[in-house]
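Notes follow the structure.
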Amino acid sequence: MASLLTLLGAGVEVAYYALDARGLEPFVAFLSLSYERNLPTWYASALLLSCALVLAGISHVAGQGREQGWRHWRALAGAFAYISLDESVGLHEHLGGRLSLGGVLFFTWVVPGALLVLLGGLAFLPFLARLPPRRRRQFILAGVLYVGGALVMELPLGWWTEQHGNDNLLYALIDHVEEALELIGASLFLAALAEELGERVVLTARKEEPHGPGPAAPR
């Protein structure tokens, strides 16, 4: 789905600018990853909300067993619920409202955003270290892709926007790379979370299985 939405969005953008096909403007508004409140935005928000729901399920299972780090799962669930909301309404754009920067920091929200990511990453290092190697690799890969899109790609996008504005093909393509990385990172994270929850549910079910036939239950 992430690949399909990226290809469709990039295709209509290229046709719109390269071929000067102004009749495609409604399709650009509906399919472009550069626009807000359209199909890709809805999908990205739903994807992040799905991560939050699965994280809440993992938190519930881990909390029942009072596992070390179960509160980290709960905190991640809350964080992804917020990110899902932010994806829909653009709350992050107000983070840098008091800053006046330029160049690669044209989108000033990346400064407080990077600080939040750094502090959050440091706080979750012990939690990450306790994960099994496979799960740790999955989470790191998903996080690098998502943060690489959400924060790192904002730097060249900000520089280009300051120099040339946002109504051109190269702006759309840079933005598409950014959004595609976010979609891929979130998709990989959701897949890893589904695997984690599945393993926990199976393990819990096995623990609850009776040992031996036992007496028949009364009717």
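Positions are given from 1, in the same order as the sequence printed here.
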Next on the checklist: Can you confirm if the aromatic rings of Phe106 and Trp160 lie within a centre distance of less than 6.0 Å?
Outcome noted: no

Item to check | Validation row: Leu47, Phe80 side chains within 4.5 angstrom (heavy atoms) | outcome: no

Pairs under 3.5 angstrom only: tabulate donor-acceptor contacts from the side chains of residues 15-22 to other protein residues two or more places apart or in another chain.
unit_1: Tyr16; atom_1: OH; unit_2: Arg22; atom_2: NH1; d: 2.7
unit_1: Tyr17; atom_1: OH; unit_2: Asp167; atom_2: OD1; d: 2.8
unit_1: Asp20; atom_1: OD1; unit_2: Arg22; atom_2: NE; d: 2.7
unit_1: Asp20; atom_1: OD1; unit_2: Arg22; atom_2: NH2; d: 3.1

Checklist entry - Can you list the steps and then say if Glu199 with Arg135 is a salt bridge (charged side-chain N to carboxylate O under 4.0 Å, His left out)? => result CA-CA 12 Å; Glu199 291 177 358; Arg135 198 70 69 235; 3.0 Å; yes

Next on the checklist: In the structure I gave you, are the side-chain heavy atoms of Ile174 and Met153 within less than 4.5 Å of one another anywhere?
Outcome noted: yes

Checklist entry - Any sub-3.5 Å donor-acceptor pair from Glu162's side-chain atoms to Gly103's backbone N or O? => result yes

Checklist entry - If you round to the nearest 0.5 Å, how far is CG of Leu188 from CG of Leu145? => result 6.5 Å

Next on the checklist: Taking the ring of Phe189 and the ring of Tyr146, is the distance between their centroids below 6.0 Å?
Outcome noted: no

Item to check | Check: Leu157 main-chain N/O paired with Thr161 side-chain donor or acceptor under 3.5 Å | outcome: yes

Next on the checklist: Quick check for you: to the nearest 0.5 Å, what is the distance between His176 atom NE2 and Leu170 atom CG?
Outcome noted: 12.5 Å

Next on the checklist: Quick check: do Tyr43 and Leu39 have side-chain heavy atoms less than 4.5 Å from each other?
Outcome noted: no

Checklist entry - Is there side-chain contact between Arg74 and His60, with heavy atoms separated by less than 4.5 Å? => result no

Next on the checklist: To the nearest 0.5 Å, what is the distance between OG on Ser45 and CG on Leu85?
Outcome noted: 7.5 Å

Checklist entry - Salt bridge between Arg200 and Glu195, side-chain N to carboxylate O under 4.0 Å? => result no

Checklist entry - Do Val117 and Leu155 belong together in a cluster built from hydrophobic side chains that touch within less than 4.5 Å? => result yes

Checklist entry - Side-chain heavy atoms under 4.5 angstrom apart, residues restricted to Ile, Leu, Val, Met, Phe, Trp, Tyr: same cluster for Leu7 and Leu169? => result no

Item to check | Tyr171 side chain reached by His164 side chain, heavy atoms, under 4.5 Å | outcome: no

Checklist entry - Do Leu128 and Ile140 come within less than 4.5 Å of each other through their side chains, counting heavy atoms only? => result yes

Next on the checklist: To the closest 0.5 Å, what do you measure between CG (Leu151) and CG (Leu181)?
Outcome noted: 12.0 Å

Pairs under 3.5 angstrom only: tabulate donor-acceptor contacts from the side chains of residues 25-35 to other protein residues two or more places apart or in another chain.
unit_1: Ser32; atom_1: OG; unit_2: Glu13; atom_2: OE2; d: 2.4
unit_1: Ser32; atom_1: OG; unit_2: Ser34; atom_2: N; d: 3.0
unit_1: Ser34; atom_1: OG; unit_2: Asp175; atom_2: OD2; d: 3.1

Checklist entry - For the side chain of Ser187 and the backbone of Leu183, is there at least one donor-acceptor N/O pair under 3.5 Å apart? => result yes

Next on the checklist: Ring centres under 6.0 Å, that's the criterion: do His72 and Phe124 meet it?
Outcome noted: yes

Item to check | Donor-acceptor contact below 3.5 Å, side chain Thr41 vs main chain Ser88 | outcome: no

Checklist entry - Less than 4.5 Å apart, any side-chain heavy atom of Leu125 and any of Leu122? => result yes

